[in-house]
Amino acid sequence: MNLRSLAACACAAALLAAGASACSSHSAGTGTSTSTSSEGGTLTIQGDSGNPTLVENFNPFQPSTELHGTYLIYAPLETVSSINGSYTPFLATGYKFTSPTTLVYTIRSGVKWSDGTAFTPADVVFTFNLLKKYAALDANGVWSQISAVSASGNDVTFTFKAPNVPFAATIAQTPIVPEHVWSSISNPVTFTNTHPVGTGPYTLKTFAPTQYTLTKNALYWDASKIAPTSVVFPAQATSQSTNQLEVSEGQFDWSYTYLPDVKATYVDRDPSTNQYWFPPGGTIGLFLNLTQAPYNNVNFRQGISLALNRATIAQKAVNGYMKPASTSGIILPNEQQWLDPSLPGQGVVSQNHGAAMAAFARAGYTSQGGKLMGPNGQATMTIVLPNSFTDWAAAATEISSELGQIGIKVNLDEPQYAQYAQTTQAGTFNAAIGGFGGTGIPFNDYNLTLNSAYAAPVHTPTVNNFERFNNAGVNRALATLAAATNPSAQQQATDRLETMMYQTVPVVLLYYGGSWGLFSTKHFTGWPSASDPYTLPTNYNYSLLTVVTHLVKA
Amino acid sequence: MRYILRKVTLFIVTLWAAITLNFILPRLMPGSPVDAALGKLASAGVPITNAEKAAVEAQLGAPHTSIFVQYGDYLRNIATLRFGTSFSFPSQTVALTIGKALPWTVVLVGATTVFAFVIGTLLGVYAGWHRGRFADSSVTIGATFFGAFPPFWLGLLLLYWLAFKFGWFPLKGGYSPGTTPNWSLSFLGDALDHSVLPALTLAITTLSGWVFGMRNNMINTLGEDYVTFAEANGLRSRTVALLYAARNALLPNVTAFGLMLGAVVGGSVLVEGIYSYPGVGNLLYLAVTNHDYPLMQALLLVFTLSMLVAIFVVDLLYPRLDPRVRSAT
């Protein structure tokens, strides 16, 4: 027997095995979403990363291990769109600032927990006090901003330590847990909550290591508006290529995956139902270490900004799905209403070698024999980025070649994410690719990146403002924006921050980071889209709750 | 007896060295488990804050004690077979996590290794007996061709064509989504169906090693005087090939097979990764990306232990298979 006939044998065996089990292997993903009940049917969402199996955890305060379904089980006061910061009410009917440090939420009455107990403002107060008692649960730093929470009638009042009006969005999106269940849990920090009791539109039905299913909560306060009777979350594969194949195969009603050539790989496979929406969800930029020369020289940073062709970088990084970013820090078109109209070209900087060389000259750098020479010899830069972020790697390669053309010696350093985090947080890098913004609220975006309160000394780690920007004018503008309760004052302060961002280039913003929403209208419609951009198509945060409650049966 | 005593001493010293290396190696990786956990959020585009880092740090309970205290705890835990809680699966013990993954790998990789060894060795005998003829060259060329496939590439190829294009096999996993492992016939069938592609990938890429090893040993052995003598006595050629030549040629392959069985427990990170197979290879990948020291340590311990035991057993068995080793020591 030679190898050819052996191969034939193997193929025959394979065929037999496939024939015997074709049904079982195919019904896995798609069969679940073919319910014909008039009430709504099953919604299949590409779920959590399985690695390759899931561990049951519905503790809504564990951002790194909780399962995405948690967002449908525990409703917050309101959800906040990461597109433009607009609110959708859930457990609250609305809020108002009675002073810049006093926030009053009006709680919805008639809401029940999924075990039948009535939901009350006391549960809201209990939840926030739980975060105070267990700082490990307070992942959003609520108690770094507020000093007290109390209930009176249907109102819950939050007292701030200092004015922070935009922080209402963080309070709004805190998951609320039932006092009658959580008060008797001995250690809520390690609690994995396998029998979740919530106020959200769904409850946990079944959990298996590769898939979990939620079923509609009949006691939900707005149950008649909820279309899908159940929501299935199959675990994602370890390998990204398998995930892409599953999406392409049409196993999901909603998935969140980057696909190259999305028209051919997704839309064309079922043009009548398959659609995608890839809005910008943040800004990718080149972060220069502002504690090191020459990067601490604003002219040098302007030179870098002018030397780069953002359209080419975006093309190489994300297949041209995303546009060059406005260097104002405003994400377009999502936050168009906040853009300062006086910024030239909406703040998008075009490549201009002449202007770049002029800026470098002001910083003391001139081109000599094809090299950009300064007081200490040729300008050099090592750009650090995580090796698993392939779009950033493509962008960095293009940046390196473009800066090389004007005579800067660029090295790329691509370690694992954890090492990248260590280097950037410690402030021991030259330059890093990083993300800016994406909260949908300009104040939060600017504050996290520019507030000098975060700019720890080099070697003291900080996640935010790791480029260590320190500008008294920007700090003042941030404080003004934080305290502004009326729209015109907010606009004015935001305009000031946009201009400062545009002029002082604390971060060389490059292109928008995409949000990769892929939808099928076979079973449900009402997905967010360019014409109805009510939130980002992300299925791993409270956008999930906003979207699922928007759906209607197809 | 002295032979066995020496091997036992060597085993214990090697074990200690391996255990210590298992402790040191994961900690040489730059970055912390907290950063790795936040990296998963960051890669999805979630803005990360200092508050979030502090919360995740507190939840993971990342070690703050000195490295020597950690080493002492580690040795004590190994002695009492307690491996603690992993950062990736905080709700279950490391032992349980590994216990769930190990059977999948042992069955898949074990069965494939035995299969590849038997088929590969038989093909090697066949090619060696017919050396220089068409049968030999077709086996050799075929084995070279398939042996040259990198496992991950062959895996992707099979996945794309057999699972995605033709839909004969499931795309991922060890069993269908929504089912929980049990001993029912339908589940076993489902698991078998899911194991075909990874098994095929592993078998095709490991087969050629056995073919070459056996063929070359055969050709050497066939040149020995006792084979010529057997042929001269007019024994049937099959008897000569199997009982005289192959039996002697098999010895080096048996050693290699013992070592391969020891490595079975280590699984195959790449192939398990491509098929999202719920085995230890995938678990190791996860542990490394999450900087999950407790899980990594326990996995490396299991790998080294099974490898050391395999070497030890082969060492002990070898004098029985080959009397020449006994006299040499």
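Note on naming: letters A, B, ... go to the chains in the order of the sequence lines (proteins, then strands), and numbering restarts at 1 for each one. Only this structure's heavy atoms are used, side chains among them; waters, hydrogens and symmetry mates stay out.
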Would A:Gln251 and B:Leu171 satisfy side chain to side chain contact (heavy atoms under 4.5 Å, CB included), going step by step from the backbone distance to the final call?
CA-CA 11 Å; A:Gln251 294 199 2; B:Leu171 273 172; 4.2 Å; yes

Side chain to side chain contact (heavy atoms under 4.5 Å, CB included) between B:His291 and A:Gln416, intermediate numbers included:
CA-CA 10 Å; B:His291 284 237; A:Gln416 271 200 346; 3.3 Å; yes

Side chain to side chain contact (heavy atoms under 4.5 Å, CB included), that's the test. Do B:Thr179 and A:Gln211 meet it? Break it down for me.
CA-CA 8 Å; B:Thr179 53; A:Gln211 174 174 296; over 6 Å; no

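Chain A forms more heavy-atom pairs under 4.5 Å with one residue of B:Gly173, B:Ala42, B:Ala54 than with any other, namely B:Ala42. Highest contact tally toward chain B, considering only A:Asn541, A:Thr462, A:Val189, is held by A:Thr462 [criterion: heavy-atom pairs under 4.5 Å]. Between chain A and the residues B:Leu283, B:Leu122, B:Asn282, the largest count of heavy-atom pairs under 4.5 Å involves B:Asn282. The most heavy-atom pairs under 4.5 Å with chain B, out of A:Ser49, A:Gly141, A:Pro415, A:Ala237, come from A:Ala237.
When heavy atoms are compared at a cutoff of 4.5 Å, B:Tyr277 approaches chain A solely by way of its backbone atoms N, CA, C and O. Both the backbone and the side chain of B:Ile48 come within less than 4.5 Å of a heavy atom in chain A. Residue contact with chain B, scored on non-hydrogen atoms closer than 4.5 Å, involves the backbone and the side chain of A:Asn464 alike. Of the atoms belonging to A:Leu245, heavy atoms from both backbone and side chain fall under 4.5 Å from chain B. Neither the backbone nor the side chain of A:Thr190 has a heavy atom closer than 4.5 Å to any heavy atom of chain B. Of the two parts of A:Gln62, the backbone and the side chain both hold a non-hydrogen atom closer than 4.5 Å to a non-hydrogen atom of chain B. Proximity to chain B (any heavy atom under 4.5 Å) is restricted, for A:Thr192, to the side chain, taken from C-beta onward. Looking at A:Tyr212, neither its backbone nor its side chain comes within 4.5 Å of chain B, counting heavy atoms on both sides. Looking at A:Ser241, the atoms closer than 4.5 Å to chain B (heavy atoms on both sides) all sit in the side chain, from C-beta outward.
We find the CD-CZ distance between A:Gln244 and B:Phe164 to be 10.5 Å, quoted to the nearest 0.5 Å. B:Leu38 CG to A:Tyr417 OH: the interatomic distance, rounded to the nearest 0.5 Å, is 6.5 Å.
Using a 3.5 Å distance cut-off with no hydrogens or angles, the side chains of B:Thr49 and A:Asn140 do not pair a donor with an acceptor. Side-chain contact of A:Gln425 with B:Lys53: a donor-acceptor pair under 3.5 Å is present, judged by distance alone.
Between the side chain of B:Ser276 and the backbone N or O of A:Gln236, no donor-acceptor pair lies under 3.5 Å. A distance-only check finds a donor-acceptor pair linking the side chain of A:Thr210 to the backbone of B:Gly178 [under 3.5 Å].
Between A:Thr242 and B:Tyr160, the closest side-chain pair of non-hydrogen atoms is not below 4.5 Å. You'll find the side chain of A:Pro209 stays beyond 4.5 Å of the side chain of B:Lys100, heavy atoms only.
Under the salt bridge (charged side-chain N to carboxylate O under 4.0 Å, His left out) criterion, A:Asp413 pairs with no residue at all, not counting sequence neighbours. Qualifying side chain to side chain contact (heavy atoms under 4.5 Å, CB included) partners for B:Pro103, counting only residues two or more places apart in sequence or in other chains: none.
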